[in-house]
> 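One structure, as structure tokens, below. Some questions next.
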Amino acid sequence: MTDAVKKLKELVDSSHNIVFFGGAGVSTESGIPDFRSTGGLYHQEWKYPPETILSHTFYESNPEEFFRFYRAKMLAPEARPNAAHYKLAEWEAAGKLKAVVTQNIDGLHQAAGSKNVLELHGSVHRNYCEHCRTFYGLDHILATTGVPRCPCGGIIKPDVVLYEEGLDQQTLNKAIRAIAEADMLIIGGTSLNVYPAAGLINYYRGHKLVLINKSAVAQDLSAGLVITDPIGEVLSQL
């Protein structure tokens with residue numbers, strides 16, 4: 001255990017209202033590619049840039065190509081939680097961690113046992129008919145081809161926040177409240193490039209700010225502790 005990880009353990013042991021704010025790097029150790037790192041989705045060849053395909057405008061105008069990309073690149077039903085997911089769930093069960101605020105849409109935090117997960121960008125596990133609002137799970141989307149349609153004729157849209165769409169206000173408010181009330185904020189697996197999600201960390205009022213990420217982040221957080229290693233590798237030592 002390095003000195004940095006020992007310091008992290010001391011901070012966790014002395015905290016009782018921890019909030020974890022995470023991004024794609026939390027899921028890469030589960031085999032889900034991130035968006036912006038080398039080899040991530042933003043560095044792969046596709047007919048259109050991923051940020052174009054994952055926009056509301058593109059979804060509306062070219063749903064066939066949207067769903068082709070969505071199934072190929074955004075769904076990973078075989079992925080399983082890693083050490084980071086399980087450690088966070090363990091802390092929550094012990095009453096130390098009060099919320100996981102995540103930019104991920106894969107549902108792995110819940111799969112690991114976390115209960116209070118605030119999904120800023122939605123979830124692939126929730127899908128709704130745009131016409132009659134009938135709910136469909138991930139298995140239904142995986143079993144379809146082309147543009148998935150409800151028996152009523154409506155398109156079944158993933159409950160995932162696309163570019164040009166706003167975040168769910170209720171989820172946003174809960175995340176702000178949790179971060180503002182936390183006595184320790186751990187930021188992990190995110191480069192803090194995506195707004196408005198990344199701006200939420202500015203609501204933290206405490207003095208135990210920890211950053212765990214493999215690469216440099218977009219903001220100068222003046223974090224009390226910075227660890228540049230994979231988050232699952234780090235948390236598994238605690």
> At their closest point, which heavy atom of Pro81 faces which heavy atom of Ala111, and how far apart are they?
CG-CB, 3.7 Å
> To the nearest 0.5 Å, what is the distance between CE (Met184) and CD1 (Ile18)?
5.5 Å
> Of all residues at least two apart in sequence or in a different chain, which pass the ring-ring contact (aromatic ring centres under 6.0 Å, His included) check with Tyr203?
none
> From Lys73 NZ over to Ile32 CD1, what is the distance, rounded to the nearest 0.5 angstrom?
13.5 Å
> If a pair satisfies side-chain hydrogen bond (donor to acceptor under 3.5 Å, both in side chains) and one of its residues is in residues 89-108, list it, with sequence neighbours excluded.
Ser27-Asn104, Ser27-Asp106, Lys87-Glu90, Gln103-Thr190
> Kindly determine whether Val210 and Val12 satisfy side-chain contact (heavy atoms from CB on, under 4.5 Å), including the steps that lead there.
CA-CA 10 Å; Val210 176; Val12 170; over 6 Å; no
> On a heavy-atom basis, which atom in Ala178 and which in Val19 lie closest, and how many Å separate them?
O-CG2, 3.4 Å
> According to salt bridge (Lys or Arg N to Asp or Glu O under 4.0 Å), does anything in residues 154-178 pair up with another residue at least two apart or in another chain? List the pairs.
Arg126-Asp159, Lys157-Glu165
> For residues Ile156 and Tyr128, determine if any side-chain heavy atom of one lies less than 4.5 Å from a side-chain heavy atom of the other.
no
> Between Leu211 and Leu209, is there a side-chain heavy-atom distance shorter than 4.5 Å?
no
> Quick test of your reading: applying salt bridge (Lys or Arg N to Asp or Glu O under 4.0 Å), list the pairs with at least one residue in residues 6-33, sequence neighbours left out, ordered by first then second residue.
Lys9-Asp13
> Give me the atom names and distance for the closest heavy-atom approach of His125 to Gly107.
CD2-CA, 4.0 Å
> Is Asp183 close to Ser15 at the side-chain level, that is, under 4.5 Å between some pair of heavy atoms?
yes
> The test is side-chain contact (heavy atoms from CB on, under 4.5 Å); show your working for Leu192 and Ile201 and say whether it passes.
CA-CA 9 Å; Leu192 297 174; Ile201 63 173; 3.8 Å; yes
> Can you find a heavy atom in the side chain of Lys214 that is under 4.5 Å from one in the side chain of Asp229?
no
> Which heavy atom in Ile231 sits nearest to a heavy atom in Gly188, and how many Å separate them?
CD1-CA, 3.7 Å
> Show your reasoning for whether side-chain contact (heavy atoms from CB on, under 4.5 Å) applies to Val101 and Phe20.
CA-CA 6 Å; Val101 180; Phe20 178 79; over 6 Å; no
> Could you work out, with side chain to side chain donor-acceptor pair (under 3.5 Å) as the rule, every residue matching Thr144, not counting sequence neighbours?
Arg71
> With sequence neighbours left out, what residues match Gln237 under side chain to side chain donor-acceptor pair (under 3.5 Å)?
none
> Would you say that Leu11 contacts Leu225 through its side chain, given a criterion of any heavy-atom pair below 4.5 Å between the two side chains?
yes
> OH of Tyr86 to CG of Leu108: how many Å apart, nearest 0.5 Å?
9.0 Å
> Of all heavy-atom pairs between Ile176 and Leu200, which one has the smallest distance, and what is that distance?
CG1-CD2, 3.6 Å
> Holding to ring-ring contact (aromatic ring centres under 6.0 Å, His included), I want the full list of residues that pass it with Phe58, two or more places apart in sequence or in another chain.
Tyr48
> Without swapping roles, check the side chain of Asn202 against the backbone of Gly199 for a donor-acceptor pair under 3.5 Å.
yes
> Roughly how far, to the nearest 0.5 Å, is NE2 of His56 from CG of Leu162?
7.5 Å
> Taking only distance into account, with no hydrogens and no angle test, what donor-acceptor pairs under 3.5 Å do side-chain atoms of residues 145-153 form with protein atoms, sequence neighbours excluded?
{"residue": "Arg149", "atom": "NH1", "partner": "Gly153", "partner atom": "O", "Å": "2.8"}

> Mind checking the CD1-OH spacing from Ile53 to Tyr70? Nearest 0.5 Å is all I need.
14.0 Å
> Would you say CD of Glu78 has more than 12 non-hydrogen atoms from neighbouring residues, nucleotides or ligands within 6.0 angstrom?
yes
> Is any side-chain heavy atom of Phe66 closer than 4.5 Å to a side-chain heavy atom of Thr52?
no
> Do His109 and Val26 have side chains that get closer than 4.5 Å, going by heavy atoms?
yes
> Counting N and O atoms only, with roles assigned by atom type, does the side chain of Ser30 sit under 3.5 Å from a partner on the main chain of Ala79, one being a donor and the other an acceptor?
no
> Taking side chain as C-beta onward, heavy atoms only, is Ile212 less than 4.5 Å from Ile186?
yes
> Determine which pairs satisfy side-chain hydrogen bond (donor to acceptor under 3.5 Å, both in side chains) with at least one residue from residues 16-26, sequence neighbours left out, and list them in order.
none
> State which residues pass side chain to side chain donor-acceptor pair (under 3.5 Å) with Gln110; sequence neighbours excluded, sorted by chain then number.
Glu119
> Taking side chain to side chain donor-acceptor pair (under 3.5 Å) as the definition, give me every residue that meets it alongside Ser14, ordered by chain and number, with sequence neighbours left out.
Lys208
> Kindly give the heavy-atom pair with the smallest separation between Gly166 and Val161, and that separation in Å.
O-CG1, 3.9 Å
> My understanding is that only one of Thr2, Asp3, Val234 makes a side-chain contact (heavy atoms from CB on, under 4.5 Å) with Leu8; could you say which?
Val234
> Only distances under 3.5 Å count here; give the side-chain donor-acceptor pairs of residues 129-137 to other protein atoms, sequence neighbours excluded, each with its distance to 0.1 Å.
{"residue": "Glu130", "atom": "OE1", "partner": "Tyr59", "partner atom": "OH", "Å": "3.1"}

